Trainee: 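Here's a structure for you.
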Amino acid sequence: MGSVWKRLQRVNKRAAKFQFTVSYHQITVETTPKWKPTKLCVVWTRRGRRVVSSSQLWEPTMKDPNLGYAIWPVPDNREVTVTLFKDPRTHELEDKSWTYILEEVSGSGKRRQLASANVNMRKYASVDSSQHQLNLVLKPISKKIISASLECTLSSVFLREGKATDEDMQSMASLMSTNNNSDIATLGDFDEEDDSTEMSQPHSLSEVLDLTHQLEMMTNSLSGSEFASTPISG
């Protein structure tokens, strides 16, 4: 029922869709003396959506064998489409957090989470296309490492704006999302780049479709009191 309540909250709200592209450049990791990673990758995630980078070898420096880098010779580009909702009172975009998770990939293909950082996508969304150089300090979530950081470029392109209840603004992933900055996806290996991620319960799709029809009727009846569309604040 959480998704039902969330859709009810979005009646009379505006929404904007953006395409974000991240270009990965370099990972820096300081390990403990007893352990060294083999290959590293970055997972860009929110709830069940996982966009996984290519894996790169971690190589220690000559000066310090516990400090090393994983470098992409050519920037590794990954994309996600993100729907951001607008506060009807302030007309500002609401917060939405995505997480970068650093993972080690062993020779057998087993993945181990090492560190993570949350990024509020609202801060990088604007009507005009934009590009930001990021140097993210990742928080260790494994005792095997001491510190980690990620160098990347984050680009944003505005796609469209509409009612939050419009079909092309809705997504199963967004319905299940919250503004909880502690979200870290499970290690289930789905690499989805579209907002049409399936919900976990088979019967929920028909439930949501039925609710969509009800909400459309509610929206039409409330259209006279709908907030006017205003330019998006980045």
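Please read all numbers here as calculations on a predicted model, not as lab measurements.
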Trainee: Among side-chain atoms of Asn66 and Lys36, is any donor-acceptor pair under 3.5 angstrom?
Mentor: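 Their side chains do contain a donor-acceptor pair, which is all the 3.5 Å distance test asks for.
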Trainee: In this structure, would Leu138 and Leu134 fall into the same cluster of hydrophobic residues linked by side-chain contacts under 4.5 Å?
Mentor: yes
Trainee: Checking Thr99 side chain against Ile101 main chain: does a donor-acceptor pair fall under 3.5 Å?
Mentor: no
Trainee: Between Lys86 and Glu161, is the salt bridge (charged side-chain N to carboxylate O under 4.0 Å, His left out) condition met? List the steps.
Mentor: CA-CA 10 Å; Lys86 186 185 291 186; Glu161 182 180 5; 3.0 Å; yes
Trainee: Using the side-chain contact (heavy atoms from CB on, under 4.5 Å) rule, take Val80 and Thr21 through it: C-alpha gap first, then chi angles, then the decisive distance, then the call.
Mentor: CA-CA 7 Å; Val80 296; Thr21 302; over 6 Å; no
Trainee: Of all heavy-atom pairs between Trp58 and Val29, which one has the smallest distance, and what is that distance?
Mentor: NE1-O, 3.5 Å
Trainee: Identify, with sequence neighbours excluded, every residue that meets ring pair (Phe, Tyr, Trp, His ring centres under 6.0 Å) alongside Phe20.
Mentor: none
Trainee: Going from CG on Leu40 to CD on Glu59, what distance comes out if it is rounded to the nearest 0.5 angstrom?
Mentor: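 If I round to the nearest 0.5 Å, the distance is 11.0 Å.
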Trainee: Should Arg14 and Glu94 count as an ion pair when the cut-off is N to O under 4.0 Å?
Mentor: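 The answer is no: the pair does not qualify as a salt bridge.
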Trainee: Got a donor-acceptor contact below 3.5 angstrom from the Thr61 side chain to the Leu67 backbone?
Mentor: yes
Trainee: In terms of hydrophobic clustering (I, L, V, M, F, W, Y; side-chain heavy atoms under 4.5 Å; direct or indirect links), are Val82 and Phe158 co-clustered?
Mentor: yes
Trainee: Would you tell me whether Asn120 and Ser97 have side-chain atoms, one donor and one acceptor, within less than 3.5 Å of each other?
Mentor: no
Trainee: Should Val157 and Met121 be counted in the same cluster of Ile, Leu, Val, Met, Phe, Trp and Tyr side chains packed under 4.5 Å apart?
Mentor: no
Trainee: Anything under 30° is parallel, anything over 60° is perpendicular, the rest tilted; go ahead and classify Tyr24 against Tyr100.
Mentor: perpendicular
Trainee: Compare every heavy atom of Ala115 with every heavy atom of Ile141, then report the nearest pair and how far apart it is.
Mentor: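 For Ile141 and Ala115, the tightest heavy-atom pair comes out as CG1-N, 3.5 Å.
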Trainee: State, to 0.1 Å, how close Gln56 and Ile71 come at their nearest heavy-atom pair, and which atoms those are.
Mentor: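 Closest approach of Gln56 to Ile71: OE1-O, 3.3 Å.
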Trainee: Provide the closest heavy-atom pair for Cys41 versus Val105 in the form atom of the first, atom of the second, distance.
Mentor: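 Taking every non-hydrogen atom into account, SG-CG2, 3.8 Å.
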Trainee: Once rounded to the nearest 0.5 Å, what's the spacing between atom NZ of Lys17 and atom CZ of Arg160?
Mentor: 4.5 Å
Trainee: Under 3.5 Å, is there a donor-acceptor pair linking the side chains of Thr153 and His132?
Mentor: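 Looking only at side-chain atoms, His132 and Thr153 do not form any donor-acceptor pair under 3.5 Å.
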Trainee: Do Tyr69 and Ile27 land in one hydrophobic cluster if side-chain heavy atoms of ILVMFWY residues count as linked below 4.5 Å?
Mentor: no
Trainee: Under 3.5 Å, is there a donor-acceptor pair linking the side chains of Ser23 and Asn77?
Mentor: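 Yes, Asn77 and Ser23 have a side-chain donor paired with an acceptor closer than 3.5 Å.
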Trainee: Return the minimal non-hydrogen interatomic distance between Trp72 and Val42, and the atom names on each side.
Mentor: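 So the minimum-distance heavy-atom pair works out to CH2-CG2, 4.1 Å.
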Trainee: Checking Leu154 against Gln131 for the side-chain contact (heavy atoms from CB on, under 4.5 Å) test, could you report, in this order, the C-alpha distance in whole Å, the side-chain angles of both residues, the deciding distance, and whether it holds?
Mentor: CA-CA 6 Å; Leu154 183 63; Gln131 190 175 84; over 6 Å; no
Trainee: Please report the closest heavy-atom contact between Arg122 and Leu93, naming both atoms and the distance.
Mentor: CD-O, 2.6 Å
Trainee: Would Ser54 and Asp76 satisfy side chain to side chain donor-acceptor pair (under 3.5 Å), going step by step from the backbone distance to the final call?
Mentor: CA-CA 7 Å; Ser54 60; Asp76 186 10; 3.0 Å; yes
Trainee: What I'd like to find out is whether the side chain of Pro140 reaches to under 4.5 Å of the side chain of Ile145, using heavy atoms alone.
Mentor: yes
